[in-house]
Amino acid sequence: MLEKKMQKALNEQINAEIYSAYMYLSMSAWFESNALSGFANWMRVQYEEEMFHAMKFYNFVHDRGGQVLLKAIDGPPTEWKSVIDVFEATLQHERHVSALIHKLVDLSTELKDHATNQMLQWFVEEQVEEEANAEQILDELKLIGDAKSGLFMLNRELSQRTFTPPAGG
Ligand code: FEO
């Protein structure tokens with residue numbers, strides 16, 4: 001049985017993951033309207049990953065006999081100054097999500113909730129990858145600078161990304 005304090009925190013995380021999905025979908029839409037369909041594809045896959053994260057928490061709360069209580073999702077930004085600006089916001093957001101996951105781990109330890117702690121370890125690892133992915137693209141964008149050909153190549157590369165449910169998810 002899930003303690004009320006943990007249930008509340010996990011419900012907040014469901015909200016944070018759906019917000020992440022919403023934000024990446026907004027970024028995807030922004031790329032579509034800026035003729036960068038490869039970047040748009042990458043962000044759409046990111047949106048799918050975030051919904052997968054949300055549903056992983058959702059299923060876990062139910063599996064533990066808890067109650068899922070959905071709340072309103074904040075509106076995401078809809079405008080960015082540049083491609084690099086989008087990925088800076090992405091990296092910053094993933095760092096914020098990592099901090100949220102680490103707080104959940106701390107709470108599970110405090111409550112001696114071993115099952116939640118175990119489930120969260122998957123997210124601890126996933127966040128390392130999430131931050132690394134954003135950082136890698138950001139580094140490439142910094143290398144490309146103002147070179148249109150570089151942006152064209154990266155756009156083509158990012159069009160190849162597909163969503164596959166992560167292992168162990
Ligand atoms: Fe669900 Fe990108 O963290």
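We number each residue from 1, following the sequence as shown. Just follow the structure's listing: the first ligand is 1, and inside any ligand the first atom is 1.
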Salt bridge (charged side-chain N to carboxylate O under 4.0 Å, His left out): which pairs involve residues 59-74, sequence neighbours left out?
Arg64-Asp113

Is there a side-chain contact between Phe163 and Phe52 (heavy atoms, below 4.5 Å)?
yes

Return the set of protein N, O or S atoms whose distance to atom 2 (Fe) of ligand 1 is under 2.8 Å, each given as residue and atom.
Glu50 OE2, Glu94 OE1, Glu94 OE2, Glu130 OE2

Under a 4.0 Å threshold between the charged nitrogen and the carboxylate oxygen, would Arg161 count as salt-bridged to Glu49?
yes

Is Glu110 paired with Lys5 through a side-chain N to carboxylate O contact shorter than 4.0 Å?
yes

With the threshold set at 4.0 Å, does a side-chain nitrogen-carboxylate oxygen contact exist between Glu48 and Arg44?
no

Connected via hydrophobic side-chain network under 4.5 Å: Leu100 and Leu107
no

